[in-house]
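Comments concern the structure below.
The basis for the numbers below is simple: all heavy atoms, side chains too, and nothing from hydrogens, waters or symmetry mates. We name chains A, B, ... by the order of the sequence lines, and we start the count at 1 in each one. Since the structure is predicted, the reported quantities are computational estimates derived from the model, not experimental observations.
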2 protein chains.
Amino acid sequence: MNLLSLPCYCATLRQAARAVTVLYEDMLAGSGLHATQFTALQLLDSAPNLTTTELAEALGVDQTTATRMLALIKKAGLASDTVGADRRQRRWALSAQGQALQKKLKPRWEAAQEAFEKRLGRAEAAALKKASYRAASRLSSTQTVHP
Amino acid sequence: MNLLSLPCYCATLRQAARAVTVLYEDMLAGSGLHATQFTALQLLDSAPNLTTTELAEALGVDQTTATRMLALIKKAGLASDTVGADRRQRRWALSAQGQALQKKLKPRWEAAQEAFEKRLGRAEAAALKKASYRAASRLSSTQTVHP
DNA sequence: GTACATTATATGTATCTACATGTATTGTCA
DNA sequence: TGACAATACATGTAGATACATATAATGTAC
């Protein structure tokens with residue numbers, strides 16, 4: 001049996017996310033980084049000194065997920081955290097090693113991006129990305145408003 | 001900081017999948033089922049006697065993921081497996097309890113579907129689902145070495 | 001200025017996920 | 001038929017994910 005077209009929005013989006021993740025993991029295989037970790041490095045590279053919560057919000061993950069992500073990245077020596085003026089906050093920055101690895105893996109990530117575009121077509125890929133972002137935006141903004 | 005629009009197709013699709021998952025988990029909260037489990041029940045309800053691998057392919061998950069999913073569903077008494085003619089295969093079917101639960105939770109799932117459509121608009125929701133399915137199809141077919 | 005609420009992060013727990021690999025069964029071919 | 005390949009499922013391991021909750025620090029109201 002082949003991949004089923006399911007009526008469920010959730011299930012279908014998850015199918016797609018899983019499939020694309022496998023592609024990116026493939027491209028990063030052996031590099032020591034996972035797709036989500038690479039994304040975090042990219043973010044820290046372009047926006048240093050984010051707090052844990054800020055990074056979580058930017059990526060659209062739970063704060064506890066971000067905490068664990070960052071713990072792994074820190075353990076690998078790719079980033080370090082410093083306590084901010086508000087001493088509850090941790091501010092994160094890439095280490096030299098983290099910067100180097102991010103730079104080194106960028107071509108692999110670009111290859112994954114291109115592979116994705118090749119399979120879907122550039123226009124369709126762009127449309128899917130835009131629609132996904134819109135969905136994520138709409139959903140996360142409203143969901144956090146709980147009385 | 002708000003949700004970021006990321007250049008990465010993988011990261012963006014994952015953002016969307018996470019956000020929509022939270023919505024569905026919310027709707028199913030307290031029911032004893034998770035969104036992925038409900039999807040599996042729906043599938044087993046409409047297509048009984050699937051093998052573990054067939055179910056994995058239909059859902060677009062790894063076989064080992066399906067094995068674990070089904071183990072949990074079985075442990076909860078919602079489905080049972082029988083050994084097929086090929087004695088390596090397990091064929092799965094909902095139990096009466098599983099059928100009942102699936103039926104009972106269907107309105108909640110429908111509410112989640114409607115909530116999703118309400119946030120995105122029906123047309124946009126449909127377009128996103130279609131594009132996601134196309135992406136998942138293209139990616140999984142090629143990855144599995146297809147003609 | 002203290003009691004109480006709020007906020008930032010961390011931890012316990014459980015599921016989802018997949019890769020590498022193991023085991024049992026089936027298929028193939030010489 | 002017997003060796004070896006292929007297949008179906010299971011297990012070990014590890015990261016991704018989020019909820020409930022804990023802890024520590026900050027903010028607020030009186």
Side-chain angles (χ1 to χ4, degrees), chain A residues 1 10-11 13-15 17-26 28-30 32-40 50-57 59-76 81-92 140 143-144 146, chain B residues 1 10-11 13-26 28-30 32-40 50-57 59-76 81-92 140 143-144:
Chain A
M1 176 179 274
C10 179
L13 268 167
R14 290 178 71 95
Q15 280 180 339
R18 282 190 297 261
V20 69
T21 299
V22 168
L23 192 162
Y24 281 69
E25 291 284 354
D26 244 42
L28 294 174
L33 276 193
H34 291 276
T36 56
Q37 298 174 333
F38 181 75
T39 301
L50 291 181
T51 67
T52 304
T53 298
E54 284 167 348
L55 184 135
E57 286 173 356
L59 296 179
V61 302
D62 193 84
Q63 166 264 310
T64 62
T65 302
T67 294
R68 263 127 179 166
M69 253 185 208
L70 288 165
L72 284 171
I73 289 171
K74 181 180 181 178
K75 200 175 92 180
D81 57 323
T82 52
V83 175
D86 180 335
R87 290 196 336 240
R88 294 169 300 180
Q89 294 180 331
R90 299 289 122 88
R91 298 204 166 268
W92 292 88
S140 18
Q143 258 156 196
T144 13
H146 257 288
Chain B
M1 177 179 275
C10 179
L13 268 167
R14 290 179 70 96
Q15 279 181 339
R18 281 190 298 259
V20 68
T21 298
V22 168
L23 193 163
Y24 281 70
E25 291 284 353
D26 243 42
L28 294 174
L33 277 191
H34 289 277
T36 57
Q37 300 174 330
F38 181 76
T39 300
L50 291 181
T51 66
T52 304
T53 299
E54 284 167 347
L55 184 136
E57 286 173 356
L59 296 179
V61 303
D62 193 84
Q63 167 263 310
T64 62
T65 301
T67 293
R68 262 123 181 171
M69 251 186 211
L70 288 166
L72 284 171
I73 289 172
K74 180 181 180 177
K75 200 174 94 179
D81 57 324
T82 52
V83 175
D86 181 336
R87 292 198 331 245
R88 293 169 300 182
Q89 293 180 333
R90 300 290 124 90
R91 296 203 168 270
W92 292 88
S140 15
Q143 262 154 195
T144 357

Hey, does the side chain of A/Arg14 come within less than 4.0 Å of C/dT17's phosphate (OP1/OP2), counting only N and O? yes
A/Thr53 side-chain N/O to C/dT9 phosphate OP1/OP2 under 4.0 Å: yes
Using whole Å, what does the distance between atom P of nucleotide C/dC16 and atom CG of A/Leu13 come to? 17 Å
Does the side chain of B/Leu55 reach to within under 4.5 Å of the side chain of B/Trp92, using non-hydrogen atoms? no
Scan A/Ala85 against the nucleic acid and name what it touches under 4.0 Å (heavy atoms): base, sugar-phosphate only, or nothing. sugar-phosphate
Return the 5'-most residue of the pair B/Gln37, A/Arg90 with respect to DNA chain C, ranking by each residue's nearest nucleotide. A/Arg90
Protein-nucleotide distance (B/His34, atom NE2; C/dT17, atom C1'), rounded to Å: 14 Å
A/Thr64 side chain: which of C/dC19, C/dT7, C/dA10 is closest? C/dA10
Extract, from 5' to 3' on DNA chain D, the first and final nucleotides lying under 4.0 angstrom from some heavy atom of chain B. D/dA6 to D/dC19
Separation of C/dA8 atom P from A/Leu55 atom CG, nearest Å, is 14 Å
Counting any heavy atom closer than 4.0 Å, what does A/Arg68 reach on the DNA or RNA strands: base, sugar-phosphate only, or nothing? base
Take A/Glu54 and A/Arg91 through the test side chain to side chain contact (heavy atoms under 4.5 Å, CB included) and record every step on the way to the result. CA-CA 9 Å; A/Glu54 284 167 348; A/Arg91 298 204 166 268; 3.7 Å; yes
Any donor-acceptor N/O pair, A/Glu25 side chain to A/Val22 backbone, under 3.5 Å: no
Taking donor-acceptor contacts at under 3.5 Å, does the side chain of B/Gln63 reach the base of C/dA18? no
Using whole Å, what does the distance between atom C1' of nucleotide C/dA18 and atom CG of A/Leu23 come to? 15 Å
Can you tell me how far P of C/dT17 sits from CD of A/Glu25, to the nearest Å? 14 Å
Mind checking the OG1-CG spacing from A/Thr36 to A/Leu72? Nearest 0.5 Å is all I need. 8.5 Å
Return the 5'-most residue of the pair A/Thr36, B/Asp81 with respect to DNA chain D, ranking by each residue's nearest nucleotide. B/Asp81
Under 3.5 Å donor-acceptor, A/Thr65 side chain and A/Val61 backbone: no
Round to the nearest Å and state the distance from A/Gln89 atom CD to C/dT7 atom C1'. 9 Å
Please report the distance, rounded to the nearest Å, between CG in A/Asp62 and C1' in C/dA10. 12 Å
Interatomic distance where CD belongs to A/Glu54 and C1' belongs to C/dA8 [whole Å]: 11 Å
Say whether A/Thr21 and B/Arg14, considering side chains only, have a donor N or O and an acceptor N or O under 3.5 Å apart. yes
Contact class for A/Thr52 vs. all strands (heavy atom < 4.0 Å): base, sugar-phosphate, or nothing? sugar-phosphate
For B/Asp81, all residues meeting salt bridge (charged side-chain N to carboxylate O under 4.0 Å, His left out), sequence neighbours excluded: B/Lys74
When we call it a touch if two heavy atoms are under 4.0 Å apart, what does B/Thr21 touch: a base, just sugar-phosphate, or nothing? nothing
Quick check for you: to the nearest 0.5 Å, what is the distance between B/Thr64 atom OG1 and B/Met69 atom CE? 10.0 Å
